[in-house]
Amino acid sequence: MKKLLWTLLFLASVSVFPTTASAGDSNLIKVGLRYGDTAMFAANLENAEGEGYQFGWYDQYRNFQTVGSTDETTITMIAADDIYMNQNGGYSPNMPSGSHRFLGGWHVELDGYRSFEDAYRDARSYNGWPAYINDTYVVHVGSYDNRREADAAAADLGGSAVPSGDTGVLVTQTRTDRVLFEFDNGGRQAFGVQPVGWDRGGPVTWFKGYRYKGGFEYPRSAGRNLSVINVVDLEDYVKGVIPYEMNVNWPQAALEAQAVCARTFAKGCTKHAAGGFDVCNSTHCQVYNGLNTATATSDRAVDNTAGNCLYYNGSLVRDAVYHSSNGGATEDAENVWGGKEPYLRGKKDPFEAKTSIPNYNWSVTYTASELSWILEQKGENIGQVQDVYVSRYTPMGNVDEVTFVGRAGTLKVSGDRCRTIFYSSTYNKSVRSLRFEINGGSNGNHSQGLCVNDAGYPLETLEGTHVLTSSGMSVLEGSGATVLTASGSEAISVGKAGDRASNGGGSFTITGTGNGHNVGMSQYGAKAMAEQGYTYREILEFYYTDVTIG
């Protein structure tokens, strides 16, 4: 079926914008909101309280380079190509069912423009839109299905037929056919959008139901969807983190300690450098959803600590990590993740016990079959699990190594994997911290049963088994025998092949305290200290070793 050609009306108005970059701001943080598998074909912005948007990009110093603008306050960025719009105004690369409109990926290009204003004026007369393509202002007219149609139109207009680039971004007024702008610098710069007035305290912009300060970037790899990155002042970012990482009703000193941790973590984070941003908005870094749940109390904690970060020997702490509760002791970083940091040292925590912590003591039970399946899903093929036990603790009393014994082999895990190896969304089960013990396993003591081989399996029959007696080597006969033990004589029962002597392939119950990886600041510990009158500086100096705050 031939695609329906959509004649586009360009009705946008232009606003005056500066041609020079704004002053660089080292306090701007780039936060990945959508990227990778969550990247978007079309991303809406709404700024009903604002004055429109500037178009351009953020340079290497995070100056915004402006190349266009609009007075419209509801706009959509779309991955340039063939674009369909359904009857509800949603954009898609695929033809929807029912009535729809189509924006073809071919256009007529008119060149020779020295500025955005020049291109804008001509675009209106041609029912086209201004575009910034490879550092040059042009006008694009029409949205054609193929080159033949674009060539025919180009002959009439005196231009040339061009396709949308596979790194291009098209801007429309949301849910309409009004094209406002097009940008494609071949992927050398990511398209950026900055609300007008951002430097005067800035309007709040809506994206996917959340309210954000700052501007936005839309990186696009060739032929792919758009990532969405919030470019925001560090203090506004921290105000968007605190309500999601700590209860805003907790004491002010605890919130202030959290603010310093969040600020320090953001400034030192390099996890997403390859993706072009500093931190993501999930628990992989810190939870951040803009300003939706910020309160006067949480904002005050940020303002009271403005600019303050953690330092060790004069250098910024690069991983100001924290967790919910440690269960009684924090842990040396190298025992959890392998990297030794002098400011992340484990210590006994006397404070958590002095405050109320929900689900502080916990217990979870796994069957041998469940553990076997969980390990298999994580690429560990040791066969049916016969035993699991803690094989090493740290000096702080946290788990350092767990051993799994299966029919086909043995697996030892250490560090944070002692906790995460047990996680299963299928069974909705997890081990919450590194402070636990395992009941039901042998705890490494295999003398609990009669082991006749390295795997610890009982024999199917005693027939033909050799034993050493006072008269020499004898052969057992029949189905039973007795042995001398510390408590007297015991009968040896014939076991079923494959059953573990110590557990019989049953279940294992893990009991523990705390919640998290046990490194850095305990959030509930910070709450307890604040309730006892400690300041945020004293809280941080307890949980991070030999740090300064400034």
Side-chain angles (χ1 to χ4, degrees), residues 12 14-35 39-40 42-78 116 132 169-174 180-183 185 188-220 226-241 266-267 272 275-281 288-292 294:
V14 64
S15 59
V16 178
F17 57 85
T19 58
T20 58
S22 60
D25 190 346
S26 60
N27 279 330
L28 287 181
I29 296 294
K30 293 189 176 184
V31 188
L33 305 181
R34 296 293 186 95
Y35 56 94
M40 307 178 72
N44 301 342
L45 287 184
E46 181 177 354
N47 184 7
E49 298 177 356
E51 307 166 43
Y53 300 93
Q54 295 174 335
F55 302 136
W57 71 85
Y58 291 90
D59 67 16
Q60 60 180 324
Y61 304 109
R62 304 194 176 180
N63 298 313
F64 191 77
Q65 304 288 343
T66 306
V67 296
S69 65
T70 181
D71 288 339
E72 298 297 340
T73 57
T74 56
I75 62 174
T76 300
M77 277 53 66
I78 311 173
F116 172 74
Y132 192 79
V169 180
L170 195 71
V171 184
T172 68
Q173 184 186 11
T174 302
L180 308 177
F181 191 69
E182 187 173 357
F183 179 91
N185 261 3
R188 295 189 304 278
Q189 293 94 21
F191 179 58
V193 174
Q194 187 164 259
V196 175
W198 71 275
D199 53 347
R200 302 191 298 272
V204 175
T205 303
W206 288 89
F207 169 69
K208 286 294 180 180
Y210 293 101
R211 299 161 56 241
Y212 296 92
K213 287 289 190 76
F216 297 82
E217 265 190 341
Y218 300 89
R220 185 189 181 197
L226 306 175
S227 297
V228 182
I229 297 171
N230 184 206
V231 186
V232 61
D233 180 81
L234 176 60
E235 300 303 312
D236 287 330
Y237 164 76
V238 177
K239 288 179 179 179
V241 169
K267 290 194 72 170
H272 295 282
F277 53 97
D278 304 311
V279 292
C280 67
N281 63 340
Y288 167 75
N289 286 312
L291 304 179
N292 280 37

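Values below: every heavy atom of this structure, side chains too, minus hydrogens, waters and symmetry copies.
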Value for CD1 (I229) from CG (N281), rounded to nearest 0.5 Å, stands at 11.0 Å

Return the NZ to CG distance between K213 and L291, rounded to the nearest 0.5 Å.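 With rounding to 0.5 Å, NZ (K213) is 6.0 Å from CG (L291).
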
By ring-ring contact (aromatic ring centres under 6.0 Å, His included), which residues pair with [X], not counting sequence neighbours?
X    : answer
Y58  : F64
F216 : none
Y35  : H272, F277
Y212 : Y288

Is it true that, when you exclude F207 itself, more than 12 heavy atoms of the residues, nucleotides or ligands shown sit nearer than 6.0 Å to its CZ?
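Yes - once you tally the heavy atoms of other residues, nucleotides and ligands closer than 6.0 Å, there are more than 12.
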
query: Of the options V67, V196, V193, which is the one that meets Q54 in a side chain to side chain contact (heavy atoms under 4.5 Å, CB included)?
result: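 Result: among V67, V196, V193, V196 is the only option passing the side chain to side chain contact (heavy atoms under 4.5 Å, CB included) with Q54.
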
- Checking side chain to side chain contact (heavy atoms under 4.5 Å, CB included) against M77, which of F55, F181, Y218, F183 comes through?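 Result: among F55, F181, Y218, F183, Y218 is the only option passing the side chain to side chain contact (heavy atoms under 4.5 Å, CB included) with M77.
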
By side-chain contact (heavy atoms from CB on, under 4.5 Å), which residues pair with [X], not counting sequence neighbours?
X    : result
A190 : E217, P219
T76  : A42, N44, I78, Y91, T172, T174
D278 : I29, K30, R62

- prompt: Who passes side chain to side chain donor-acceptor pair (under 3.5 Å) against Q189, sequence neighbours left out?
  reply: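 So Q189 forms a side chain to side chain donor-acceptor pair (under 3.5 Å) with N185.
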
Where is the tightest heavy-atom contact between [X] and [Y], given as atom of each residue plus distance?
X    : Y    : result
E235 : D233 : N-OD2, 3.0 Å
Y53  : E46  : OH-C, 3.4 Å
N292 : R211 : OD1-N, 2.7 Å
V228 : A43  : CG2-CB, 4.0 Å
A266 : L234 : CB-CD1, 4.1 Å
T205 : P195 : OG1-CG, 3.5 Å

### Query
Got a sec, which residues hit salt bridge (charged side-chain N to carboxylate O under 4.0 Å, His left out) with E182, two or more places apart in sequence or on another chain?
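Counting only residues at least two positions away or on another chain, E182 forms no salt bridge (charged side-chain N to carboxylate O under 4.0 Å, His left out).
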
Check your understanding: Are the side chains of Y237 and V279 in touch, meaning some heavy atoms are under 4.5 Å apart?
Key -> yes

